[in-house]
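What follows is a short report on a single structure.
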Number of protein chains: 2
Amino acid sequence: MQRQKGVALWRQISDRIRANILAGLYDKTGMVPAETALAEEFGVNRHTVRAALAALAQEGIVRAAQGRGTMITQRDKFDFPIGRRTRFSEGIGEQARDLKGILLSSAREIASADLAKRLKLNPGEEVLRLDGIRKADGRAVSRSTMWFPAERFAGIDTAFAETGSITRALTRCGVDDYVREVTEISAVHAEPDDVVHLELTPGAIVLVTRALNTDPAARPIQYAVTRFPADRVQFTIRN
Amino acid sequence: MQRQKGVALWRQISDRIRANILAGLYDKTGMVPAETALAEEFGVNRHTVRAALAALAQEGIVRAAQGRGTMITQRDKFDFPIGRRTRFSEGIGEQARDLKGILLSSAREIASADLAKRLKLNPGEEVLRLDGIRKADGRAVSRSTMWFPAERFAGIDTAFAETGSITRALTRCGVDDYVREVTEISAVHAEPDDVVHLELTPGAIVLVTRALNTDPAARPIQYAVTRFPADRVQFTIRN
DNA sequence: CAAGATTTGTTCGTATGTATT
DNA sequence: AAATACATACGAACAAATCTT
């Protein structure tokens, strides 16, 4: 490896590996060669290769797994429209063949002060909390924690588990229509749980939405915090 | 430092430094002690401390500068509303005292195929490109590249430079009103230019919006790509 | 299933370069 | 000019997870 002055060695190596990936050099196995092999190839220390790979992992281009190797992870982005009629299934609908929601866990709990305010509940009232993930074509595209007023939506957990769709689960609870009142969007680094459920690398980016849905009478029916892998999802707001 | 089994040393140290920062231990100087000092304090190698600090820099909690030290950077988030009437100055308005837009550079160029389509221009028509940053209370909150049809908006570069506001610059060009047609939101890691202009750490998160504004007659007047530091900004969409 | 080989993850040591004070 | 502090790079060793034999 030639030492260009002013550019760190690991950066140069990172650029070359990225170029190799884009050129399809490793397409057969879908993996980057072992760190020791790359170190030898570029004539540098294994640490230097690791720094280069860490940068690529940051970009979401590769994903390292202990004992297995460093896999290449390149995929297209889903576009997720956000608006008054936002519905997950319809939004992703045409972009994926296989779409499913999976209920991870559910619980009945007392609403926190903040949550009670958002859902316009009285202090002490109970809510149903549902944790779930959504997959499109086998790839995890979101991870949600949702809260519903417990009294009105008893049984929505099983309805969601069976249908895999919030819209259909709400229909079973007598809500034929609902609208998205407000959506907040922010971005953070992936937490350990994100890494597991969304199949990300530590340090990857997660887009976070906090959304309130109401029924046609403007009564809050659901508050949801959803986390999306930023390398697989973007949002579109049409006005 | 006690070796908890199963948790990497640098992670434990990272957690302790973060706790120290949140506890206000370093508030006097606003800086973390030097790496060598931390290494001695925790009884580990300086590399291990560097790994811990790198993780905190990733989270946007600290920011290292060669030769100077590692500074603590914690701040509140601005909330940026997105909707049909989206205007930067009004959106941030009440959240900051001092707000200004700074023109970095401007150029007249031929619209790319993609851009011409978005602005509904004929192939070969020219556009004005403006690059600028916006600061709120002295902190950079966004970095934009904006394109305007060159013919209709001649002189908007100087108008923006003088007023520091797109809305006011457009008024000077005879556009009294405009609406946000569509906004795309995604998130990526900071590029070198982001690090410089938005005062970020490498690896920090940047929220990217791509927006199209039109005049009341639905004619496109501006296409803008804006990059926001995710640790300082979030978006809200009200429906 | 067990043992060994492979591959990434962590930690220490050491040295030198470069920017800032 | 000198001291300080972060940035980069190499070497060695062992741990942990995974795969192969």
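Model, not experiment: these values are computed from the prediction. Lettering of chains follows the sequences in order, A, B, ..., and the numbering in each one begins at 1.
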Quiz item: Do the charged groups of Asp15(A) and Arg11(A) touch, with an N to O distance under 4.0 Å?
Solution: no
Can you check nucleotides 11-14 of chain D for protein contacts, nitrogen or oxygen pairs under 3.5 Å, and list what you find?
residue, atom, partner, partner atom, Å
dG11(D), O6, His47(A), NE2, 2.6
dA12(D), N6, His47(A), NE2, 3.0

Quiz prompt | Distance, rounded to the nearest Å, where Arg50(A) contributes CZ and dA15(D) contributes C1' | solution = 12 Å
Quiz item: Under 4.0 Å: is that the gap between some side-chain N or O of Thr48(B) and OP1 or OP2 of dT10(C)?
Solution: no
Exercise. May I ask you to verify if any side-chain N or O of Thr70(B) is less than 4.0 angstrom from the OP1 or OP2 atom of dC6(D)?
Key: yes
Exercise. In whole angstrom, give the distance that lies between atom CZ of Arg11(B) and atom C1' of dA16(D).
Key: 14 Å
Practice problem: Describe, in one word, how the ring planes of Phe228(A) and Phe235(A) are oriented to each other, choosing from parallel (under 30°), tilted (30 to 60°) and perpendicular (over 60°). | Solution: perpendicular
Quiz item: Which ones in residues 24-32 of chain A lie close to DNA chain D, meaning a heavy atom under 4.0 Å from one of its atoms?
Solution: none
Quiz item: Atom CG of Leu9(B) and atom P of dG13(C): how far apart are they, to the nearest Å?
Solution: 12 Å
Practice problem: Name all residues meeting the side-chain contact (heavy atoms from CB on, under 4.5 Å) criterion together with Glu109(A); count only those two or more places apart in sequence or in a different chain, and write none if there are none. | Solution: Val127(A), Arg129(A), Trp147(A)
Self-check item: Closest-nucleotide 5' rank along DNA chain C - winner of Ala34(A) and Arg68(B)
Solution: Ala34(A)
Practice problem: Mark yes or no for a side-chain to base donor-acceptor pair under 3.5 Å between Gln66(B) and dG17(C), with no hydrogen or angle criteria applied. | Solution: yes
